[in-house]
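Chain A is the first sequence line, chain B the second, and so forth, proteins listed ahead of strands; every chain is numbered from 1. Note that the structure is predicted; figures quoted are calculated from it, not measured.
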Number of protein chains: 2
Amino acid sequence: MEEKQDSLLSGVKEIARRAKVSRATVDRVIHNRPGVSVKTKNRINAIIKELDYQPNVLAQRLALTSRGIIRLAVLLPDISEETEYWKAPLEGINKAEAEIKQYGLQVDYYFFDQNVQSVFALQVQQIMENNPDGVLITPTFEPDSIRLLEYCKTKKIPCVLMNSDIAGQHRLCYIGPELFDSGYLSAQLVHYCLKDQQKVMIVNIAREIENNAAILVKEEGFLAYFKEKLSERLLVALNTTDTRHHAVAARLNELLELESHIGVIYVTNSRVSLVAQWLESIGRSDIILIGYDYLAQNIEFLKRGVIDFLLCEKPQEQGYRSVMTLFQFLVFGTLVKEDYLIPIDIITSANYRYYRN
Amino acid sequence: MEEKQDSLLSGVKEIARRAKVSRATVDRVIHNRPGVSVKTKNRINAIIKELDYQPNVLAQRLALTSRGIIRLAVLLPDISEETEYWKAPLEGINKAEAEIKQYGLQVDYYFFDQNVQSVFALQVQQIMENNPDGVLITPTFEPDSIRLLEYCKTKKIPCVLMNSDIAGQHRLCYIGPELFDSGYLSAQLVHYCLKDQQKVMIVNIAREIENNAAILVKEEGFLAYFKEKLSERLLVALNTTDTRHHAVAARLNELLELESHIGVIYVTNSRVSLVAQWLESIGRSDIILIGYDYLAQNIEFLKRGVIDFLLCEKPQEQGYRSVMTLFQFLVFGTLVKEDYLIPIDIITSANYRYYRN
DNA sequence: CTTAATTTCGTGCACGTGCCCTGTGTCTCT
DNA sequence: AGAGACACAGGGCACGTGCACGAAATTAAG
């Protein structure tokens, strides 16, 4: 025995003392390594349970520092002017990276243009060739995403999906909002604001609407609410794949001509600022405008009362949490029980100051 | 020199190697301890800056384990049936405690009845006698709270205020919502929901209304919105210090008799479930109801559509963050730049599933 | 110049864990 | 009886930091 017999030693030492074995043996039991008889194993496990032993996370990580580096592959849309949104998840990822890089972790970034599927496919290929220890992707294009997921499954590489999900695929977890309920919630807000005899316009602005799962699911949720509580006849839809301002404005003018009793407009993504700009230009401050995401330009319109509600889903936290989940899993083997569904936050001009993305 | 000359040692060792001194000297410089010549100090500081040295938090804490325990005093309302709300901050505090107790930290709890000032005063006295290293309080009664704050100031004990603030007092920081804007936001929601010719009822239910800073400030914010955007004449006020259900219901019935065109009711605290119960009993599902806090009973009414909006201010996170702030300050000397204003979240039947207190 | 006082700096241990090595005793099979 | 497999003991190193103690260098006092 190397230990003093009296005191409240913590951790493995104490277990070893009580079980009258050495630290090494306790260590073997804790890590399920061979070389321990069943009898001893049981005895040690009983003591572990009795003491409710929790390993000292600090010491654990510290000890792990000396081992080899772990490489994470992160696949994200790049940050163009038109998709400023993706800055936020990236910031979250950077933050997580900064926190854990000193513990032997490295993040490799792969970017793609959301409008160009071939680049996405290429980056997926790259990731597979580089053989990372963990993967984090936003599955913008489903077929290639599934290819990557299959690869991860066979290689037993944990993969986290972020921002939108793919049903029925094997993955470590999904971290992001429940998009259906996001649309449903929007409809509920619309309902509260809607006066008698007014109609609602639902606006999709994106280069690829049919391939954009996020938009489609939100719209589905939105429609579901109207079917359930109101009537689909109150809805007027507008889709435009031309995302330039004048094109959007033209379509909106056109439609407003036909439907004069629009009381609320719901935009299914962060492009709501285009509609806000238009609304302001035609001087219609009476129309309620609901859209997505805590972006600088959206907040400006929110302050001025042009945009009334912004729905936000903590993109920064999504990024941060995704990386941390991979980290926890790879380093400590923390098993992930379920998806982490991000809250759907409602932001107005009265509470945006306190929001944290 | 004890170091190998070649490689990428991290941390203090590397600095020591470059400065051609020992780790201990670097250590002294980092912690501003005496015993280092000005020349050496400058040289080391330059290298620290050059390398952008960040201490390894893990190793830091680990090393601190051996030192004496730090005691935190926490002063909270106790959890009675009528104030279930306080369970949440307590849970947050417990969570933080669990995380940091293995690093030599201990939390002492002091509870009081929100209706009995004398107990509060007594507990304040107790805290001062026990001479803690850090203090966390919810300043329900202002005079005694100020007494404690003065004590902390002279003794240089850090003190965090949670849930509501006291203006102009010296303290480490305030962690909680901006209550004025909370009321203001409620009024904004009311405005969106209000139909023509409808009036709004504002309801205060509490034993002590005049002494309850939280209620008063929220009400102020609410009124401010109406003065600014609508008219005070649309408001009907109801105060009751009798918090039993039948008393509240009686007062509500009375008032509804006089004012038949009530379209929205705003309850300034978590007692909103009392109003919800009454609304349901008289079968008025048309009246919009807005109140506070993610409590089980409130959520039940939210699900059933009796309550329409709940404003929530992450009470659990408030507790967690308060303790962690004290911990960071006491253990690492992390200086606290400013108050942490908690977001004001809007919860409806469509997004409550994803809310995290 | 010598000696004491003071300043300046180095060494070694501790924190709890993971993982390696060597040695020793025990049991089983040939 | 000898060989091999197994179950452990015991020690050691590493991770990066904080700190007590002692050694060395410098300065002040005699």
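- Phe111(B) has its side chain within reach of Leu90(B): a pair of non-hydrogen atoms, C-beta onward, lies under 4.5 Å apart.
- In this structure, the CD atom of Gln54(B) is 15 Å from the C1' atom of dT17(D), given to the nearest Å.
- We find that NZ of Lys41(B) is positioned 11 Å from P of dC9(C), with the value rounded to whole Å.
- We find that CZ of Arg23(B) is positioned 11 Å from P of dG10(C), with the value rounded to whole Å.
- A straight line from CZ of Arg33(B) to C1' of dC9(C) spans 13 Å, rounded to a whole angstrom.
- Rounded to an integer number of Å, the gap from Asn56(A) CG to dT17(C) P is 6 Å.
- Here Ser37(B) reaches the OP1 or OP2 of dC9(C): one of its side-chain N or O atoms lies under 4.0 Å away.
- Contact annotation: the side chain of Pro158(A) never approaches that of Val135(A) to less than 4.5 Å [non-hydrogen atoms, C-beta and beyond].
- Between the base of dG16(C) and the side chain of Arg61(A) there is no donor-acceptor pair shorter than 3.5 Å.
- Taking only side-chain nitrogens and oxygens, Thr25(A) comes nearer than 4.0 Å to OP1 or OP2 of dA9(D).
- Rounded to whole Å, atom C1' of dG16(D) lies 8 Å from atom NZ of Lys13(B).
- The base of dG10(C) sits within donor-acceptor range of the side chain of Arg28(B), with an N or O pair under 3.5 Å.
- For dG16(D), the OP1/OP2 oxygens have no side-chain nitrogen or oxygen of Gln60(B) closer than 4.0 Å.
- Rounded to whole Å, atom P of dT8(C) lies 13 Å from atom CG of Asn42(B).
- Separating the NZ atom of Lys39(B) from the P atom of dA25(D) is a distance of 15 Å, rounded to the nearest angstrom.
- As judged by a 4.0 angstrom heavy-atom cut-off over every strand, Pro55(B) is placed among residues touching the sugar-phosphate backbone only.
- The two atoms that bring Ser322(B) and Met162(B) nearest to each other are OG-SD, 3.4 Å, heavy atoms only.
- Proximity of Ser22(A) to the phosphate of dG11(D): no side-chain N or O atom is located under 4.0 Å from OP1 or OP2.
- Side-chain N/O atoms of Arg356(B) and Tyr340(A) include a donor and acceptor closer than 3.5 Å.
- Between Tyr109(A) and Glu97(A) the shortest side-chain heavy-atom distance falls below 4.5 Å.
- Within the nucleic acid shown, Asp27(A) comes within 4.0 Å of at least one base atom, counting heavy atoms only.
- Contact annotation: Tyr53(A) side-chain N/O to dG16(C) OP1/OP2 distance is not under 4.0 Å.
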